[in-house]
Amino acid sequence: MARLFEAIEIKRKTFFEFEAAPYVCLDVDVSKPTARGGQTLVRVKMRNLLTRAVFDKTFKAGEKFAEPDLDSVTATFLYKDGDGYHFMDQSSYETLTLRPETVGDDRDLLVDNLEIQIQKYNGRPIGLQFPPHVELTVKATEPGVRGDTASGGVTKLATLETGLEVRVPLFVKEGEKIKVHTETREFAGRA
């Protein structure tokens, strides 16, 4: 039996089940009543882990939620083909294949041998969790032109090995490895 907890206990990055689907809390705000007899309300910004939809919902402090049957498996990305995206489970050394719709936009961050976490809900893979940064190679970018900084254009567009496009500083050149922040998909420094 899954443990039950109240809405007032929900914190950032808490996983919980709501309307038979798993969610993660992205942000939470507790508003205490000003009048006697008022109810404490918990406003939660949450992401549905199945659909990736993000929305706000307000709960009463005493509403109860179950912990979802979530499990994470450490895996390494191997390759992509017509069947999907293939990963090697690091504990059992089995190959896990995820459908393109399960991987979604995360495909822009996948490079060979990248170690990630595959999230499973009730034993079924539902998504990927990345480390804070991934290292990607710059495939194409315009050369930085001397004097560009005076006009305020201190960044330029770069296309990375996965097809992801990010804004990078002028000093970044083609062939260089850079770090990309996995949550914001922004330049995070040289690798």
Side-chain angles (χ1 to χ4, degrees), residues 1-33 38-81 83-134 162 164 179-186 188:
M1 183 73 194
R3 181 180 87 83
L4 291 176
F5 56 93
E6 294 184 352
I8 196 82
E9 297 175 62
I10 294 177
K11 306 279 181 256
R12 278 180 47 104
K13 298 186 179 179
T14 300
F15 293 97
F16 60 97
E17 202 165 83
F18 176 66
E19 295 178 345
Y23 286 86
V24 63
C25 172
L26 302 175
D27 200 14
V28 64
D29 179 44
V30 178
S31 56
K32 303 223 186 297
Q39 283 196 317
T40 300
L41 298 175
V42 181
R43 187 174 301 112
V44 179
K45 182 175 186 176
M46 53 199 221
R47 170 179 281 134
N48 183 318
L49 296 175
L50 299 176
T51 64
R52 299 282 184 230
V54 175
F55 54 94
D56 292 323
K57 183 93 173 136
T58 302
F59 300 104
K60 293 176 184 164
E63 285 187 59
K64 294 195 183 301
F65 300 96
E67 282 185 333
D69 180 17
L70 284 176
D71 190 24
S72 284
V73 175
T74 302
T76 305
F77 178 63
L78 298 174
Y79 61 93
K80 171 195 181 285
D81 65 11
D83 295 332
Y85 295 81
H86 302 275
F87 299 85
M88 180 187 289
D89 184 326
Q90 291 299 300
S91 57
S92 68
Y93 299 107
E94 292 178 17
T95 301
L96 300 169
T97 303
L98 294 164
R99 296 189 322 264
E101 54 271 16
T102 303
V103 174
D105 289 342
D106 289 342
R107 69 181 174 277
D108 292 336
L109 299 172
L110 286 174
V111 289
D112 292 347
N113 299 318
L114 175 68
E115 194 170 283
I116 52 105
Q117 298 287 319
I118 296 178
Q119 279 188 317
K120 292 183 173 186
Y121 177 60
N122 293 334
R124 199 180 96 235
I126 60 168
L128 308 176
Q129 276 189 316
F130 286 88
H133 300 97
V134 293
T162 60
L164 180 66
K179 289 183 189 173
V180 176
H181 193 282
T182 54
E183 256 184 62
T184 61
R185 311 257 169 127
E186 293 174 348

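We use all heavy atoms of the structure for the numbers below, so side chains are in, but hydrogens, waters and symmetry mates are not.
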Novice: Quick one: which residue pairs count as a salt bridge (charged side-chain N to carboxylate O under 4.0 Å, His left out) with a foot in residues 99-128, not counting sequence neighbours?
Specialist: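 Every pair satisfying salt bridge (charged side-chain N to carboxylate O under 4.0 Å, His left out) with a residue in residues 99-128: Arg99-Glu101, Asp105-Arg107, Asp106-Arg185.
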Novice: Once you round to the nearest 0.5 Å, how far does CG of Leu26 lie from CZ of Arg12?
Specialist: 7.5 Å
Novice: Is there a donor-acceptor pair closer than 3.5 Å between any side-chain N or O of Arg47 and the backbone N or O of Ala53?
Specialist: no
Novice: If you look at every heavy atom in Val111 and Phe77, which pair is closest and at what distance?
Specialist: O-CD2, 3.4 Å
Novice: When rounded to the nearest 0.5 angstrom, what distance separates NZ in Lys64 from CD in Glu17?
Specialist: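 With rounding to 0.5 Å, NZ (Lys64) is 15.5 Å from CD (Glu17).
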Novice: Side chain to side chain contact (heavy atoms under 4.5 Å, CB included) between Ile10 and Phe5: does it pass, once the steps are laid out?
Specialist: CA-CA 8 Å; Ile10 294 177; Phe5 56 93; 3.8 Å; yes
Novice: Contact between Ser72 and Ile118 at the side-chain level, heavy atoms closer than 4.5 Å - yes or no?
Specialist: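 Of all side-chain heavy-atom pairs linking Ile118 with Ser72, none is under 4.5 Å.
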Novice: Could you give the distance from CD (Glu183) to CG (Leu109), rounded to the nearest 0.5 Å?
Specialist: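 Rounded to the nearest 0.5 Å, the CD-CG separation comes out at 11.0 Å.
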Novice: Rounded to the nearest 0.5 Å, how far apart are CD1 of Ile8 and CD of Glu63?
Specialist: 11.5 Å
Novice: Evaluate the side-chain proximity of His86 to Leu96: yes if any heavy-atom separation is below 4.5 Å, no if none is.
Specialist: no
Novice: Shortest non-hydrogen contact from Pro100 to Gly84?
Specialist: CD-CA, 4.2 Å
Novice: Check whether any side-chain N or O of Thr182 sits under 3.5 Å from a backbone N or O of Pro132 as a donor-acceptor pair, and report yes or no.
Specialist: yes
Novice: Apply side chain to side chain contact (heavy atoms under 4.5 Å, CB included) to Leu70 and Ile126, showing your working.
Specialist: CA-CA 10 Å; Leu70 284 176; Ile126 60 168; 4.0 Å; yes
Novice: Give the intermediate values and the outcome of side chain to side chain contact (heavy atoms under 4.5 Å, CB included) for residues Glu9 and Phe16.
Specialist: CA-CA 11 Å; Glu9 297 175 62; Phe16 60 97; over 6 Å; no
Novice: Kindly indicate, with the supporting measurements, whether the criterion side chain to side chain contact (heavy atoms under 4.5 Å, CB included) is fulfilled by Phe59 and Phe18.
Specialist: CA-CA 11 Å; Phe59 300 104; Phe18 176 66; 3.5 Å; yes
Novice: Kindly compute the distance separating CE (Met46) from CZ (Phe55), expressed to the nearest 0.5 Å.
Specialist: 4.0 Å
Novice: For residues Pro33 and Thr40, report the shortest heavy-atom separation together with the two atoms involved.
Specialist: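 It is CD-OG1, 3.3 Å.
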Novice: Could you check if a side-chain atom of Thr102 sits within less than 4.5 angstrom of a side-chain atom of Tyr85, using non-hydrogen atoms only?
Specialist: no
Novice: Side-chain contact test, heavy atoms from C-beta onward, threshold under 4.5 Å: evaluate it for Asp56 versus Thr58 and give yes or no.
Specialist: no
Novice: In terms of side-chain geometry, is the basic nitrogen of Lys45 or Asp27 positioned less than 4.0 Å from the acidic oxygen of its partner?
Specialist: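 No, no charged N to carboxylate O under 4.0 Å.
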Novice: Does the side chain of Val134 reach to within under 4.5 Å of the side chain of Lys179, using non-hydrogen atoms?
Specialist: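 Sidechains of Lys179 and Val134: no contact.
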Novice: Residues in ring pair (Phe, Tyr, Trp, His ring centres under 6.0 Å) with Phe15, at least two apart?
Specialist: none
Novice: Got a second to check how far Thr76's OG1 is from Tyr93's OH, nearest 0.5 Å?
Specialist: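 These two atoms lie 9.0 Å from each other.
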Novice: Under 3.5 Å, side chain of Thr162 to main-chain N/O of Leu110, donor-acceptor pair present?
Specialist: no
Novice: Are Leu50 and Tyr121 side-chain neighbours, meaning at least one heavy-atom pair lies under 4.5 Å?
Specialist: yes
Novice: Would you mind telling me which of Leu78, Leu98, Thr97 makes a side chain to side chain contact (heavy atoms under 4.5 Å, CB included) with Phe87?
Specialist: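 Between Phe87 and the candidates, side chain to side chain contact (heavy atoms under 4.5 Å, CB included) is satisfied uniquely by Leu98.
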